[in-house]
Amino acid sequence: MRVFVLTGAGISAESGIPTFRGKDGYWRNLDPTKLATPEAFARDPQLVWDWYRERRQRIRNARPNAGHEAIARLAHHADEFLLVTQNVDDLHARAGILAEKMVQIHGDIFVTRCSRCDFAEKGSGGSPEPPTTRAVQPQSGRLGAIAPTSEDHCNLPGCPECAAFMRPGVVWFGEQLPWNELQRVESYLDRGACDVVIVAGTTATFGYIIDWALRGSRDGVELIEVNPEETPLSRFATRLVREPAAIALPRIVDELINRGAL
Ligand code: APR
């Protein structure tokens, strides 16, 4: 059986991770969609880093829920499987999904990369924050212009290669999706229709999410939407499950496994 799964923030909600557009999404009364932008980082890198550090800590303290675990079980049973998640947390991975079966299309919050050169480092749920001993030091000329005064930005990680600011390895609004990850999704979908497509916990805000769900479920394949609320994808779904993911997904996966389809 060939399975394709798309997830969003809703699947991590029951692990205590706020969604983006849910009532719990605001941080310090700031709209997350206003913080997750290159402009916000240029304007106030300290504020953006504070937000991401708090989110990293909240994710470290969180645990995968029954929804994450059900998808890991599905991955284990399916002949072919790909999970595309918009989530930058590591709960799918901690639930046991292998990297080769998952695409984090909006990046990974535990990656820290340079805002200018290609330097990047990968932490993990357990890893402490990157050392700020490499805080950006004020320099003259152009770098001086962007390099903060050490008083203000003394705990912002600086790039060991080019001394520019380091930033979280996530895709911000207005930024391109990671090319290699895109190719992985495209080649999986180009290899033929799936037998079942599950979309869980997303508002399907972005056109590519809807496009991938429809391409994966072409030729009348089952498209199951798991979401307490309606989304733009609902009208295309062959089955609507208006329940929380941690409740619905274990049952749906059991059903697929018992159907002997897997
Ligand atoms: N189980 C299933 N779905 C849930 C649950 C739950 N327990 N709780 C909430 N939801 C649903 C909500 O009804 C909503 O449709 O999850 C969805 C969360 O939507 P968003 O907050 O918009 O998150 P997402 O769809 O992942 O956002 C997409 O937008 O902000 C950017 O880059 C960010 O990856 C994010 C992307």
Side-chain angles (χ1 to χ4, degrees), residues 5-27 30-41 48 51-52 54-56 58-59 62-72 74 83-93 95 102-111 167-178 181-182 185 197-214 223-237 239-253:
V5 179
L6 287 154
T7 64
I11 195 165
S12 294
E14 291 153 277
S15 294
I17 310 295
T19 62
F20 270 83
R21 294 172 184 80
K23 60 184 179 332
D24 57 355
Y26 269 52
W27 179 77
L30 293 166
D31 175 352
T33 59
K34 299 284 181 302
L35 278 166
T37 66
E39 295 73 25
F41 189 69
V48 172
W51 182 46
Y52 278 95
E54 261 188 48
R55 290 178 64 193
R56 284 178 171 181
R58 193 187 274 247
I59 295 164
R63 298 165 56 81
N65 61 54
H68 297 107
E69 284 149 11
I71 290 176
L74 187 55
L83 163 66
V84 175
T85 186
Q86 298 164 86
N87 299 347
V88 295
D89 65 48
D90 63 350
L91 297 181
H92 278 301
M102 173 170 67
V103 166
Q104 284 194 279
I105 199 66
H106 293 162
D108 175 343
I109 198 171
F110 291 108
V111 166
R167 53 165 286 176
V170 300
V171 178
W172 282 332
F173 287 94
E175 293 188 321
Q176 300 286 324
L177 296 177
E181 300 307 298
L182 259 180
V185 182
V197 174
I198 299 176
V199 181
T202 180
T203 40
T205 304
F206 300 115
Y208 48 84
I209 298 297
I210 296 179
D211 171 54
W212 291 335
L214 297 184
L223 172 57
I224 306 173
E225 182 183 63
V226 178
N227 193 321
E229 291 172 17
E230 173 118 9
T231 77
L233 207 54
S234 302
R235 62 195 181 89
F236 300 105
R239 188 163 152 204
L240 294 172
V241 183
R242 295 275 173 253
E243 293 172 56
I247 306 291
L249 286 171
R251 193 183 66 240
I252 292 168
V253 169

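Note that these values count all heavy atoms, side chains included, but never hydrogens, waters or copies made by symmetry. Just follow the structure's listing: the first ligand is 1, and inside any ligand the first atom is 1. This is a predicted model, so every value here is computed, not measured.
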For [atom], which protein heavy atom lies nearest, and how many Å away is it?
{"atom": "atom 34 (O) of ligand 1", "answer": "H106 ND1, 2.9 Å"}
{"atom": "atom 19 (O) of ligand 1", "answer": "T203 CG2, 3.3 Å"}
{"atom": "atom 11 (C) of ligand 1", "answer": "N227 OD1, 3.4 Å"}
{"atom": "atom 27 (O) of ligand 1", "answer": "R21 NH1, 3.0 Å"}
{"atom": "atom 26 (O) of ligand 1", "answer": "A9 N, 2.8 Å"}
{"atom": "atom 36 (C) of ligand 1", "answer": "F206 CE1, 3.4 Å"}
{"atom": "atom 18 (C) of ligand 1", "answer": "G201 O, 3.8 Å"}
{"atom": "atom 8 (N) of ligand 1", "answer": "A13 CB, 3.8 Å"}

Inset, instruction - Could you tell me whether the side chains of H92 and S12 share a donor-acceptor contact shorter than 3.5 Å? - result: no

Can you list the atoms of ligand 1 that are under 4.0 Å from a heavy atom of [X]?
{"X": "E229", "answer": "13 (O)"}
{"X": "P244", "answer": "1 (N), 6 (C), 7 (N)"}
{"X": "E14", "answer": "1 (N), 6 (C), 7 (N)"}

Return a yes/no value for [X]: is any of its N or O atoms, backbone included, closer than 3.5 angstrom to an N or O of ligand 1?
{"X": "A204", "value": "no"}
{"X": "A245", "value": "yes"}
{"X": "Q86", "value": "yes"}

Inset, instruction - Assess A200 for proximity to ligand 1: is some non-hydrogen atom of it under 4.0 Å away? - result: no

Legend entry - Option with minimal heavy-atom separation from atom 5 (C) of ligand 1, where the choices are G8, P18, G10: G10

Inset, instruction - Pick, from V226, T202, L249, the option with the minimum heavy-atom distance to atom 24 (P) of ligand 1. - result: T202

Legend entry - Sub-6.0 Å ring centroid separation between H106 and F20: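 No, the ring centres sit 6.0 Å or more apart.
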
Legend entry - Distance-minimising heavy-atom pair for Y52 and A36: OH-CB, 3.7 Å

Inset, instruction - With rounding to the nearest 0.5 Å, note down the distance linking CG in D90 to CD1 in I109. - result: 9.5 Å

